[in-house]
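In what follows, a structure is listed as structure tokens, so that the remarks can point back to it.
Just so you know, these numbers come straight off a predicted model, no measurement behind them. Reminder, nothing fancy here: chain letters follow the sequence lines and each chain counts from 1.
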Amino acid sequence: MSQKPSLPKGTRDFTPDEMAKRNFIFDTINKVFKNYGYQPIETPAMENLSTLMGKYGEEGDRLLFKILNSGDYLKNIDQTDVTNDNLSKITTTISEKGLRYDLTVPFARYVVQHRNEITFPFKRYQVQPVWRADRPQKGRYREFYQCDVDVIGSDSLLNEVELIRVIDDIFKRLNIDIVIKLNNRKILTGIAEIINAPERLTDITTAIDKIDKIGVEKVYEELRQKGLDEDTIEMLEPIINLGGGNSQRLICLKEIIGITSAGSQGIQEMQYILDLTEQLDIKAEIKMEQALARGLNYYTGTIIEVLAKDVTIGSVCGGGRYDDLTGVFGLPDVSGVGVSFGADRIYDVLTELDLFPEQVQGSADVLLVNFGEQEAKFCLKIMEVIQNSGISAELYPNPAKLKKQMKYANQKSVRFVILIGEEEIKSGQYTLKDMITGDQMNGMLSELINRIKQ
RNA sequence: GUGGAUGUAGCUCAGCUGGUUAGAGCACUAGAUUGUGGUUCUAGGGGUCGCCGGUUCAAAUCCGGUCUUCCACCCCA
């Protein structure tokens, strides 16, 4: 019985054409990473659930894909837990592995496990898929690729500056106009301190973060809803409405939260990064955004988010500094900073803006027509010469009608077709057809190769 | 996880208030053209109308459920 083929929610196949475009993205990202001295690593698709759980907050735990244990996974289950609907306990009994949710936590695990082989500061990059049991929509998939670069074991802000350069470099090569939004967790802490509500930090920042989206009034409304009193909200007002350029914002912020130690340190760090990047040749718009608050609770310093201009899709890149990510795995006081590029969203942006270069197709340069058994055997040798000269070539496997073979070449966007039939074998003069211009020429193999290489 | 929309041929979609063998364009295959593709003409193949159930003499069409995709929230790449 045949069944209707289907794919799990939020996952996709990639066609050869899409793969060519995706590889264009991966290639430029990898090239830039390498160019700045980062080294590649890979980690397994699955991790122990104990490694993953509790690292992404409650929300994150819910979005983790869990893998059912092999064998008789029900044998250790406690019936009273079943009757009591004790889901979390049942879950940990029947599942002890999960698919990775991001590349940062596995990297932290990696660093701790390999600490004796690693020379710090360790600059690594990692390009692998991650999985989230999120509800899919545009730009949001359940399986997607992250391209992470991190420096671990160095608290220098020069790393932040370098990452900004990496971001700028990559999007410059991809021809995407971007805004790099910067903030610092210490500034957020300062804000919370100054209004005397450090424990409300998350509530405040998630509300303020929506200012562009829902407007000032709604932000106030949400803050009230979350139980902040009018006095506190009034104190927040200058921060919420803080506008102008980066330097202007910093000056204002200094007046408001400069007296807190966290606040002043955050402002100092931000100032340092902005000063340095200003001297560099950076194309991207760099914008300090006091409302930027990325959800992951492990950021402790700089917070980075990159948005593509002219496209409404989530961020295409994001990250920040985390001072103690490896602490939970028993290696304290290792500071790291990194960002993650979302290859799938970059793909969507390039598609929407029609920015993929024409040349990204993955077809061969030449197709050798198959006129029959004898001719095909002859072509095999010719093909060897062509391929050894650096030109990709394929021989049509069946002696099909010429029309069919031409059509095949046309549809695969193979640029050149070489025809070698009985006549050509005798004379040693082969026929070359340019499929774009329609021009044909006759000549020795070396002449044809020269023509193709032009 | 909450709320809303969607689903008809490989793709983009028609199919009015339920009524015979469900259509178009593009794509595909073959021929016109026995060594020349992309244009044109002709013919052809292809659909359990997402899936399951209900109402009805009769369901692609109405109702319920379920799945998918999309949108908003949440969160995020």
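The nucleotide whose nearest atom lies closest to any side-chain atom of A/P136 is, among B/G35, B/U69, B/C74, B/U69. Residue A/L402 has its side chain nearest to B/G35 when only B/A77, B/G37, B/G35 are considered. Taking the side chain of A/Q137 as heavy atoms from C-beta on, and the options B/G35, B/C74, B/G37, the nearest nucleotide is B/C74. Checking B/A30, B/C70, B/U36 against the side-chain heavy atoms of A/K433 singles out B/U36 as nearest. Here B/C76 is the nucleotide among B/A30, B/U36, B/C76 with the atom lying nearest to any side-chain atom of A/R345.
Residue A/G57 is out of contact with every strand shown, counting any heavy-atom pair closer than 4.0 Å. Across all strands, A/I346 comes closer than 4.0 Å to no nucleic acid atom at all (heavy-atom distances). Using a 4.0 Å heavy-atom criterion, one finds that A/G421 contacts the bases of the nucleic acid, with or without backbone contacts as well. Residue A/Y141 is in base contact, counting any heavy-atom pair closer than 4.0 Å across all strands shown. Across all strands shown, A/G372 has no heavy atoms under 4.0 Å from either base or sugar-phosphate atoms. Among the protein residues, A/C147 comes within range of no part of the nucleic acid, since none of its heavy atoms lies under 4.0 Å from any strand. The residue A/E375 sits apart from the nucleic acid: no heavy atom pair falls under 4.0 Å.
Distance check: A/I386 CD1 to A/C379 SG gives 8.0 Å after rounding to the nearest 0.5 Å. Expressed to the nearest 0.5 Å, how far OG1 of A/T28 lies from CD1 of A/I346 amounts to 7.5 Å.
The distance between atom CD of A/Q126 and atom P of B/A77, rounded to the nearest whole Å, is 15 Å. When rounded to the nearest whole Å, the span between NZ of A/K403 and P of B/U36 equals 9 Å. Rounding to whole angstrom units, CE of residue A/M406 and P of B/U39 are separated by 14 Å. For the pair A/D134 CG and B/C76 P, the interatomic distance rounds to 10 Å; values are reported in whole Å. In this structure, the OH atom of A/Y408 is 17 Å from the P atom of B/G38, given to the nearest Å. A/I176 has its CD1 atom 17 Å from the P atom of B/A77, to the nearest Å. Distance A/L63 CG to B/A77 P: 11 Å, rounded to the nearest Å. Atom CD1 in A/I303 sits roughly 14 Å away from atom C1' in B/C76 (whole-Å rounding).
Annotation: side chain of A/N183 is in contact with side chain of A/M288 (closest heavy-atom distance under 4.5 Å).
Taking only side-chain nitrogens and oxygens, A/K9 comes nearer than 4.0 Å to OP1 or OP2 of B/U68. For B/G35, neither phosphate oxygen OP1 nor OP2 lies less than 4.0 angstrom from any side-chain nitrogen or oxygen of A/Q440.
Only the C1' atoms considered, B/C13 is 14 Å distant from B/A22, to the nearest whole Å. Taking atom C1' in both B/A5 and B/A9, one finds a spacing of 24 Å when rounded to whole Å. The P atoms of B/U40 and B/U8 are separated by 28 Å, rounded to the nearest whole Å. Taking the P atom of each, B/A59 and B/G50 are spaced 15 Å apart, rounded to whole Å. Taking atom P on both nucleotides, B/G45 is separated from B/G10 by 16 Å, rounded to a whole Å. The C1' atoms of B/U20 and B/U36 are separated by 49 Å, rounded to the nearest whole Å. Comparing B/C51 with B/U68, their C1' atoms are spaced 10 Å from each other, to the whole Å. Comparing B/U56 with B/C73, their P atoms are spaced 44 Å from each other, to the whole Å.
Smallest separation of non-hydrogen atoms from A/Y299 and A/G319: OH-CA, 3.2 Å.
Using a 5.5 Å limit on the distance between ring centres and a 30° limit on the angle between planes, the aromatic ring of A/F371 does not count as stacked on the six-membered base ring of B/G35.
Checked against A/E47 for a salt bridge (Lys or Arg N to Asp or Glu O under 4.0 Å), the options A/K55, A/R109, A/K97 give a single hit: A/R109.
In terms of polar N and O atoms assigned as donor or acceptor, the side chain of A/N410 comes within less than 3.5 Å of the base of B/G37 in a complementary pairing. Contact of A/R132 with B/C75 (side chain to base): no donor-acceptor pair of N or O atoms is detected under 3.5 Å. Between the side chain of A/K407 and the base of B/G38, no donor-acceptor pair under 3.5 Å is found. For B/G35, its base never sits under 3.5 Å from the side chain of A/Q405 at any donor and acceptor pair.
Between the side chains of A/T43 and A/Q126, at least one donor-acceptor pair of N or O atoms lies under 3.5 Å. Using modelled atom types and a 3.5 Å distance limit, the side chains of A/T104 and A/D150 yield no donor-acceptor pair.
Remark on RNA chain B: of its neighbouring residues A/R135 and A/G438, the 5'-side contact belongs to A/R135, judged by nearest-heavy-atom nucleotide. Judged by closest nucleotide on RNA chain B, A/K404 is the one of A/K404 and A/D439 placed further toward the 5' end.
Remark: B/C41 base-pairs with B/G31; criterion is Watson-Crick or G-U wobble with both hydrogen-bond distances under 3.5 Å. Pairing of B/C62, defined by two Watson-Crick or G-U wobble distances under 3.5 Å, is identified with B/G54. Base pairing of B/U2 is made with B/A72, judged by Watson-Crick or G-U wobble geometry with both donor-acceptor distances under 3.5 Å.
Within the cation-pi definition used here (under 6.0 Å to the ring centroid, within 45° of the axis), A/R165 does not qualify as a partner of A/Y36.
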